[in-house]
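Okay, so here's the structure we're looking at.
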Amino acid sequence: MFTINENYLKLQSSYLFVEIAKRVKEYQTANPEKKIVRLGIGDVTKPLTSEVIKALHQSVDEMSQAETFKGYGPEIGYEFLQTAILENDYKKRGINLELDEIFISDGAKSDLGNISDILGQANRVAVTDPVYPAYVDVNVMGGRAGIYHDELQKNPQKGWSNIVYLPCVAENDFVPDLPKEKVQLIYLCYPNNPTGTVLTKTQLKVWVDYAIKNQALILFDSAYEAFITDKQIPHSIYEIEGAKEVAIEFRSFSKTAGFTGVRCGYTIVPKALLGYLSNGEKVILNKLWNRRQTTKFNGVAYIIQRAAEACYSELGQREIRANIEAYLNHAKIIREGLQGIGLTTYGGVNAPYVWVKTPQGISSWQFFDILLNNIQVVGTPGSGFGPSGEGYFRLTAFGSLENTKEAVARLKDLR
Ligand code: MLT
């Protein structure tokens, strides 16, 4: 008899975005004549830029010739892409890294999940709440989450018993307080998904200092850094002194360059970052991650890495910037439109997400149902991101301009 990883049975029936897609599909099947506007999952709608397409074509051609054909590449990425990342995303911000501290992958979500492989099961995990659900789910799978409390159990505590939730709500300006109990793994995502809010350098330093003092690890997801408009806001956690000793940074071309369907991201594991054995002995985390990746992963396709490299050419940067500006304009349209009808919104200035307070104390899922059934607009219920997301709703700026305006117009009609 073989046994399974029973932690999987603890997971809620489906991943948040799968559940939403299911509900929307059911509605569309029952109401085929209705045109649904989807501002739910944060998936881009703008096509790849001309520089990226050009690089894809060129590298496909290279693959057709024996002299330029590429088989297995380096598991952790080609030097040409690591160098482009280092020069553009880090050195320009005064951060130096070695190339083998930059691990190219098929996206931040994979790495954020896989990193769990090299971390001990006994670690206490802290997440900001609301939170991108994958961080929590991978820790459920990894046996670190404990048991799930829900309202039906009439338990005053909601969420997973072993996960420390750090509420980020209007009352604390969406700035998480340090945990009251000791934690070892801290997930931070800034600019934040789902609230669209940011942390200043001073606010982020509080976490770096905490991690240094408590021998904790920060898992910093900066997938949305390209959307930062405010010059004071840090793009990388390594802008904070001491962060290389306590933080892994996850980045993605998905939202920056429209690669959600192409798949490319990267993870920085500095060599200065040390993990601990249970006897307190230290190990270099970079070596462990390298071992994990070289064993379980054969690298991102050459043509995709060439496409990612093309994002850093002068024209590539201009094109990507134009797309980001357009999405930020959608966020502005959503923010101003909703505020105009008396709704309170947060985020959407340094991020592609607008976080909306549901009106009249309506729950997040009720608001989801009202919007789907009455005006056929799809968003994401805040409670799907964690207990403190209840009473909020997320709209993404990644739709088309036309759909964004249409959604706002329909919301005005709903009033
Ligand atoms: C989201 O909607 O939160 C994101 O698109 C999910 C993701 O990046 O995987």
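Below, all heavy atoms of this structure are taken into account, side chains as well, without hydrogens, waters or symmetry copies. Both counts, for ligands and for their atoms, begin at 1 and track the order of listing.
Within the 4.0 Å heavy-atom shell around ligand 1 one finds Y353.
Within the set V44, N193, T380, the minimum heavy-atom distance to atom 3 (O) of ligand 1 is found for N193. Compare R394, K109, K255 by their heavy atoms: the one nearest to atom 4 (C) of ligand 1 is in K255.
Atom numbering of ligand 1 starts at 1 in the shown order; those under 4.0 Å from a heavy atom of I41 are 2 (O), 5 (O). Every atom of ligand 1 is numbered from 1 in the order shown, and the set under 4.0 Å from a heavy atom of F17 is 1 (C), 2 (O), 3 (O).
No cation-pi contact links R251 to Y266, judged by a cut-off of 6.0 Å to the six-membered ring centre and 45° from its axis. No cation-pi contact links K255 to Y224, judged by a cut-off of 6.0 Å to the six-membered ring centre and 45° from its axis. Cation-pi contact between R144 and W160: absent, since separation from the ring centre below 6.0 Å together with deviation from the ring axis within 45° is not met.
A side-chain contact (heavy atoms from CB on, under 4.5 Å) with L217 is found for one member of L274, L273, V183 and no other, namely L273.
Scanning the protein heavy atoms around atom 6 (C) of ligand 1, the nearest turns out to be Y132 CE1, 3.5 Å. Protein heavy atom at the shortest distance from atom 5 (O) of ligand 1 is G42 O, 3.1 Å.
What you find for F297 and I104 is that their closest heavy atoms are CE2-O, 3.7 Å.
Under the 3.5 Å distance criterion, with hydrogens and angles disregarded, no donor-acceptor pair is assigned to the side chains of T345 and R335.
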